[in-house]
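Within every chain, numbering begins at 1; the chains are lettered A, B, ... in the order of the sequence lines, protein sequences first and strands thereafter. This one's a predicted model, so the numbers in the text were calculated from it and none came from an experiment.
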There are 2 protein chains.
Amino acid sequence: MISIGELAIRTGVKIPTIRYYEQQGLIAAPHRSSGNQRRYSAQDAKRLGFIRHARDLGLPLDAIRELLRLSEHPGEPCGDADRIAAGHLKLVREKIARLQGLERELQRIASGCNAEHVRDCYVLQSLSNHSLCADEH
Amino acid sequence: MISIGELAIRTGVKIPTIRYYEQQGLIAAPHRSSGNQRRYSAQDAKRLGFIRHARDLGLPLDAIRELLRLSEHPGEPCGDADRIAAGHLKLVREKIARLQGLERELQRIASGCNAEHVRDCYVLQSLSNHSLCADEH
DNA sequence: CTTGAACCTCTAGCCGCTAGAGAGATTAGA
DNA sequence: TCTAATCTCTCTAGCGGCTAGAGGTTCAAG
């Protein structure tokens with residue numbers, strides 16, 4: 001049985017975030033000490049580690065909730081878990097593609113300014129005038 | 001003088017967002033009709049277009065505020081605008097790098113699951129056990 | 001027994017919108 | 001000129017995923 005601070009250190013999840021997860025129903029309300037402080041088991045720590053890892057991979061809490069629910073039913077088919085991961089991967093790839101578009105455009109804009117003064121600034125002109133852009137974003 | 005709906009259509013910025021920008025001081029409070037409805041000039045539309053374009057490039061409202069302020073002083077040096085654009089570009093590149101890390105890991109995890117049941121699911125095992133990961137994220 | 005660190009609950013704030021309620025304004029057609 | 005449909009108004013609350021702070025209680029070391 002460890003305190004919330006200890007749990008935070010072990011899992012790398014901040015204390016208010018742990019309480020937030022409890023509030024959101026991602027982890028169960030833990031046992032309490034006689035003085036009403038939270039006391040966690042090794043299993044609690046494992047579950048929080050799972051959440052932490054999934055968050056690090058960018059999964060939203062809803063998806064994590066679903067994955068946790070699944071992992072409590074070892075006999076069921078795991079297609080849903082695969083679908084969640086694949087769906088998230090797709091999302092990540094879309095984000096990358098979009099950001100790469102922005103990167104190209106920003107690179108073009110930011111490196112195109114040789115002006116001294118605002119009146120000739122290519123950055124500001126580009127923002128005013130969309131037609132200066134290479135592709136739409 | 002055009003209505004807020006017309007402005008929304010022309011700039012592609014939604015009506016509540018236009019009002020939000022006004023509230024946030026990005027655009028000035030416009031003239032009003034006798035019935036208290038907003039009426040915008042061509043200049044207002046241009047400014048909103050600038051904002052829209054900058055938002056499309058992912059710039060935060062604070063940075064846009066600063067860029068707008070700068071563009072009202074044509075005689076001043078434009079180094080600040082360049083710095084804002086370059087700083088944002090850097091941020092975008094960092095985001096891309098991070099997402100590419102996630103992409104690799106998700107790809108590895110999602111494609112590694114040949115299991116039928118939750119108990120053997122590689123996706124769920126990977127989330128439980130960080131040591132299955134290729135690199136840290 | 002004292003002290004200081006850790007913990008408690010509760011509320012509010014971050015960003016950039018978005019949704020909805022309930023009321024008033026405008027405009028096109030009959 | 002009237003009516004009906006569509007806009008527009010203000011205001012408040014909510015999204016996700018935390019984070020910060022106030023004001024109070026409990027714990028553990030010395």
Side-chain angles (χ1 to χ4, degrees), chain A residues 1-27 29-40 44 48 50-68 84 87-88 91-92 95 98-99 102 137, chain B residues 1-27 29-40 44 48 50-68 84 87-88 91-92 95 98-99 102 137:
Chain A
M1 287 303 196
I2 58 173
S3 70
I4 195 170
E6 184 62 31
L7 180 65
I9 290 165
R10 288 200 201 171
T11 59
V13 178
K14 289 180 189 162
I15 291 174
T17 305
I18 296 173
R19 292 198 275 243
Y20 173 74
Y21 288 165
E22 179 185 330
Q23 193 201 311
Q24 298 301 304
L26 284 157
I27 54 180
H31 298 290
R32 298 282 183 141
S33 73
S34 58
N36 199 35
Q37 299 193 352
R38 290 172 178 81
R39 290 295 177 262
Y40 294 93
D44 292 332
L48 187 57
F50 183 105
I51 296 170
R52 167 78 208 269
H53 195 177
R55 282 298 297 138
D56 282 349
L57 288 170
L59 286 153
L61 297 189
D62 269 1
I64 297 173
R65 217 188 307 271
E66 179 66 11
L67 289 170
L68 286 165
I84 288 170
H88 184 60
L91 254 174
V92 166
K95 273 194 190 170
R98 175 171 144 66
L99 285 171
L102 299 194
H137 26 262
Chain B
M1 287 302 193
I2 58 174
S3 70
I4 197 170
E6 183 63 29
L7 181 66
I9 289 165
R10 287 199 201 170
T11 58
V13 179
K14 288 181 189 159
I15 292 174
T17 306
I18 297 172
R19 292 198 275 244
Y20 173 74
Y21 287 165
E22 178 185 331
Q23 194 201 310
Q24 298 301 305
L26 285 158
I27 54 179
H31 298 292
R32 297 282 182 142
S33 72
S34 56
N36 198 37
Q37 298 193 353
R38 292 171 177 82
R39 291 294 177 261
Y40 294 93
D44 291 333
L48 187 56
F50 182 105
I51 296 170
R52 168 77 208 269
H53 195 177
R55 282 298 296 138
D56 281 349
L57 288 169
L59 285 152
L61 296 189
D62 270 0
I64 297 173
R65 219 188 307 272
E66 179 66 12
L67 290 170
L68 285 166
I84 288 171
H88 185 58
L91 254 174
V92 166
K95 273 192 191 170
R98 175 170 145 67
L99 284 171
L102 299 195
H137 25 262

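- For the atom pair NE2 (H88(A)) and CD1 (I64(A)), the distance works out to 9.0 Å, reported to the nearest 0.5 Å.
- Taking R10(A) as the reference, E6(A) meet the side-chain hydrogen bond (donor to acceptor under 3.5 Å, both in side chains) condition, with sequence neighbours excluded.
- Across the protein-nucleic acid pair, L7(A) atom CG and dA6(C) atom C1' stand 14 Å apart, rounded to whole Å.
- In this structure, the separation between CG on L91(A) and CG on L102(B) is 12.0 Å, given to the nearest 0.5 Å.
- To the nearest angstrom, P of dC7(D) lies 16 Å from OH of Y40(B).
- R65(A) is linked by a side-chain hydrogen bond (donor to acceptor under 3.5 Å, both in side chains) to D62(A), counting only residues two or more places apart in sequence or in another chain.
- Atom CD1 in I18(B) sits about 13 Å away from atom C1' in dC17(C), given to the nearest Å.
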Practice prompt. May I have the step-by-step check of side chain to side chain contact (heavy atoms under 4.5 Å, CB included) for L48(A) and L7(A), ending in yes or no?
Written response: CA-CA 9 Å; L48(A) 187 57; L7(A) 180 65; 3.6 Å; yes
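- Listed by first then second residue, pairs satisfying side chain to side chain donor-acceptor pair (under 3.5 Å) with a partner in residues 16-27 of chain B read E22(B)-R38(B), not counting sequence neighbours.
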Worksheet item: Reading nucleotides 23-30 of chain D 5' to 3', which nucleotides get B (base under 4.0 Å from a protein heavy atom), which S (sugar-phosphate only), which -?
Response: ---SS---
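- Of the side-chain N and O atoms in R19(B), none sit less than 4.0 angstrom from OP1 or OP2 of dG16(C).
- The distance from atom CD of Q23(A) to atom P of dT9(C) is 11 Å, rounded to the nearest whole Å.
- For the pair I2(A) CD1 and dC7(C) P, the interatomic distance rounds to 10 Å; values are reported in whole Å.
- Residue I4(B) contributes atom CD1, which lies 14 Å from atom P of dT18(C) at whole-angstrom precision.
- Regarding Q24(A), its CD atom lies at a distance of 12 Å from the C1' atom of dC15(D), rounded to whole Å.
- Partners of R39(A) by salt bridge (Lys or Arg N to Asp or Glu O under 4.0 Å), not counting sequence neighbours: none found.
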Check the interface with nucleotides 18-21 of chain D: list each N/O to N/O pair with the protein under 3.5 Å, or write none.
residue	atom	partner	partner atom	Å
dC18(D)	OP2	Y21(A)	OH	2.7
dC18(D)	OP2	R55(A)	NE	2.8
dT19(D)	OP2	T17(A)	OG1	3.3

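- OP1 or OP2 of dT26(C) has not a single side-chain nitrogen or oxygen of R32(B) nearer than 4.0 Å.
- Across the protein-nucleic acid pair, I15(B) atom CD1 and dC9(D) atom P stand 8 Å apart, rounded to whole Å.
- By the side-chain hydrogen bond (donor to acceptor under 3.5 Å, both in side chains) test, N36(A) pairs with no residue at all, sequence neighbours left out.
- Remark: P16(B) engages K14(B) in a side-chain contact (heavy atoms from CB on, under 4.5 Å) (not counting sequence neighbours).
- One finds no side-chain N or O of R38(B) lying less than 4.0 angstrom from the OP1 or OP2 phosphate oxygen of dT8(D).
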